[in-house]
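Worksheet for the structure shown next.
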Amino acid sequence: ISNAVNINGFQVGSVVDIAEADQDISSIVVKFKLEKDIRVPNTAAAMIKSNPLGNTIIEIKWDTLSRGSNYLHSGDTMQTRLSAGLFGGL
């Protein structure tokens with residue numbers, strides 16, 4: 001597994017594991033590693049996005065106004081958001 005993890009359009013890491021969160025597979029856990037020392041606010045959210053070439057990436061976004069001083073640490077869980085996708089606006 002080597003899907004890219006991006007922040008503001010820049011690749012900052014990659015996905016290292018995907019696993020089911022429970023026996024019903026009602027959700028999944030995606031583990032990724034950041035290649036750089038980047039402070040990600042605990043208000044950040046991850047979205048799975050695909051592009052027309054078929055590549056899937058994890059995009060991490062946060063509101064710069066609510067950055068605060070609390071940051072995520074290794075092993076923390078992030079919020080997620082739905083991505084509209086290629087045809088989401090139709």
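Being a predicted model, the structure only gives us computed values, none of them experimental. Values below: all heavy atoms of this structure, side chains included; hydrogens, waters and symmetry mates excluded.
In plain terms, the two heavy atoms of E35 and S14 that are nearest each other are OE2-OG, 4.1 Å. Between M78 and A44, the shortest heavy-atom distance links the atoms CE-CB, 3.8 Å.
Here the straight-line distance linking atom CD1 of I48 with atom CD of E59 works out to 12.5 Å at 0.5 Å rounding. Atom CD1 of I60 sits about 11.5 Å away from atom CZ of R81, to the nearest 0.5 Å. Rounded to the nearest 0.5 angstrom, W62 CH2 and Q79 CD are separated by 13.0 Å. The distance from atom CD of Q11 to atom CD1 of I58, rounded to the nearest 0.5 Å, is 12.0 Å.
Within the 4.5 Å cutoff, no side-chain heavy atoms of Y71 are placed close to those of D76. Residues N55 and N3 fail the side-chain proximity criterion, which asks for heavy atoms closer than 4.5 Å. The side-chain heavy atoms of V15 and T56, taken from C-beta on, include no pair separated by under 4.5 Å.
Placement of I38 and M47 in two distinct hydrophobic clusters is found when ILVMFWY residues are connected by side-chain heavy-atom separations under 4.5 Å, directly or transitively.
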Side-chain donor-acceptor contacts of residues 26-33 below 3.5 Å, not counting sequence neighbours, with atom names and distances?
| residue | atom | partner | partner atom | Å |
| --- | --- | --- | --- | --- |
| S26 | OG | D22 | OD1 | 3.4 |
| S26 | OG | D22 | OD2 | 2.7 |

